[in-house]
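Inspection log for the structure reproduced underneath, given as structure tokens.
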Amino acid sequence: MTELSFIHRYEPASEPARPPLLLLHGTGGDETDLLALGRTVSPGSALLSPRGKILENGMPRFFRRLAEGVFDEEDVRFRANELADFVAEARKAYGLEAPIALGFSNGANIAAAMLMLRPDALAGAALLRAMVPLQDAPKADLTGKRVLMVSGLMDPIIPVENSNRLAASLSESSADVQHETLPTGHGLSQTDLQLMLKWFAVSGE
Ligand code: MLT
């Protein structure tokens, strides 16, 4: 594997017309977690899957938190920029277009922060169980970027009000947002998969 600034897995595209995916795992995951999901939702896409650099009790994450759902926002900013720099490095090394992020939980939150702080790093994002990563984010121009958000009505970590606020702020930044709230918790369901399959099918056209 090419030496870049994050430990990562890379799978080249077998269908070059399909967009590359940036796979971002949840707390306690690693660079292998979302490979199968990425292959399923966007068959043939190149897959770029870094491992978060923060360790919380041995569990990899993409930024520090002070408590569950309470973020160290200075670190969120630093890590979102660091990850955007990695994406730029990997695009050069592997010859990729800007990827679509596919993030779960902590990975969705860092993807949302990247959209706000480094909008050029991503072509769009599928955010599974995401919450507002920064209380006071700069206003980005997300014109032309598609964002799928799938939230859980009974998610014990993310109040519905919070995910609605994130969807609203991405829409205000002119992203093309589809926000679905399912009668489920923090874990992924079959319906998440169906929504992603539909949403990613459009991005391959
Ligand atoms: C976070 O820390 O990003 C959220 O609380 C979600 C999680 O990773 O548990």
Side-chain angles (χ1 to χ4, degrees), residues 6-8 21-38 49-84 86-87 99-119 121-122 124-138 140 147-170 175 177 179-189 191-193 195-196:
F6 276 68
I7 295 170
H8 68 283
L21 304 191
L22 175 69
L23 304 174
L24 300 168
H25 62 78
T27 302
D30 68 19
E31 67 278 15
T32 64
D33 268 30
L34 297 184
L35 292 170
L37 183 62
S49 188
R51 184 193 304 176
K53 288 188 179 185
I54 300 299
L55 281 181
E56 185 184 271
N57 303 321
M59 295 187 295
R61 290 175 49 82
F62 286 97
F63 57 82
R64 283 178 218 289
R65 64 180 163 184
L66 308 172
E68 196 169 87
V70 185
F71 302 152
D72 174 342
E73 296 204 9
E74 197 182 320
D75 196 58
V76 174
R77 286 171 191 270
F78 179 80
R79 300 292 167 188
N81 278 301
E82 183 184 48
L83 189 57
F86 162 75
V87 169
I100 295 180
L102 168 55
F104 169 63
S105 189
N106 181 247
N109 297 339
I110 194 78
M114 281 169 79
L115 283 172
M116 292 166 177
L117 298 170
R118 294 282 292 273
L122 299 175
L127 307 175
L128 309 171
R129 309 300 183 269
M131 59 193 293
V132 173
L134 293 164
Q135 297 307 322
D136 194 14
V147 177
L148 172 66
M149 274 183 67
V150 191
S151 304
L153 195 59
M154 282 128 16
D155 191 324
I157 301 175
I158 309 171
V160 171
E161 167 282 319
N162 187 303
S163 54
N164 286 344
R165 192 146 45 89
L166 175 59
S169 96
L170 294 170
V177 178
H179 184 202
E180 307 284 347
T181 302
L182 308 179
T184 184
H186 198 68
L188 299 182
S189 68
T191 315
D192 285 89
L193 187 60
L195 287 167
M196 279 188 278

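Note that ligands are numbered from 1 as they come in the structure, with each ligand's atoms numbered from 1 the same way. Along the sequence shown, residues carry numbers from 1. Being a predicted model, the structure only gives us computed values, none of them experimental.
Nearest protein heavy-atom neighbour of atom 3 (O) of ligand 1: N109 ND2, 2.8 Å. Here the heavy atom of the protein found nearest to atom 8 (O) of ligand 1 is T27 OG1, 2.5 Å. Of the protein's heavy atoms, S105 OG, 3.2 Å lies nearest to atom 6 (C) of ligand 1. For atom 5 (O) of ligand 1, the closest heavy atom belonging to the protein is R65 NH1, 3.2 Å.
Of the possible donor and acceptor atoms, one in the side chain of N109 sits under 3.5 Å from a partner among the backbone N and O of M131.
At a cut-off of 3.5 Å, with distance as the only test, no side-chain donor of S105 or R129 sits close to an acceptor on the other residue.
Other residues, nucleotides and ligands contribute at most 12 non-hydrogen atoms within 6.0 Å of the CD atom of E74.
For the atom pair R61 CZ and H25 NE2, the distance stands at 10.0 Å (nearest 0.5 Å). Taking CD of Q135 as the start and OG of S169 as the end, the distance is 10.0 Å to the nearest 0.5 Å. Taken to the nearest 0.5 Å, the CG atom of L166 stands 7.5 Å off from the NE2 atom of H179.
Below 30°, between 30° and 60°, or above 60°: for F6 and F62 the angle between ring planes is below 30°, a parallel geometry.
Of all atoms in ligand 1, listed by their number and element, those nearer than 4.0 Å to a heavy atom of F63 are 3 (O). Heavy-atom proximity to R61, at under 4.0 Å, picks out these atoms of ligand 1: 1 (C), 2 (O), 3 (O), 8 (O).
Taking 4.0 Å as the cut-off, F62 does not count as a neighbour of ligand 1 on heavy-atom distance.
Contacts of R129 with ligand 1, taken as heavy-atom pairs under 4.0 Å, are absent altogether. Residue-level proximity to ligand 1 for N106 is carried by backbone and side chain together, each with a heavy atom below 4.0 angstrom.
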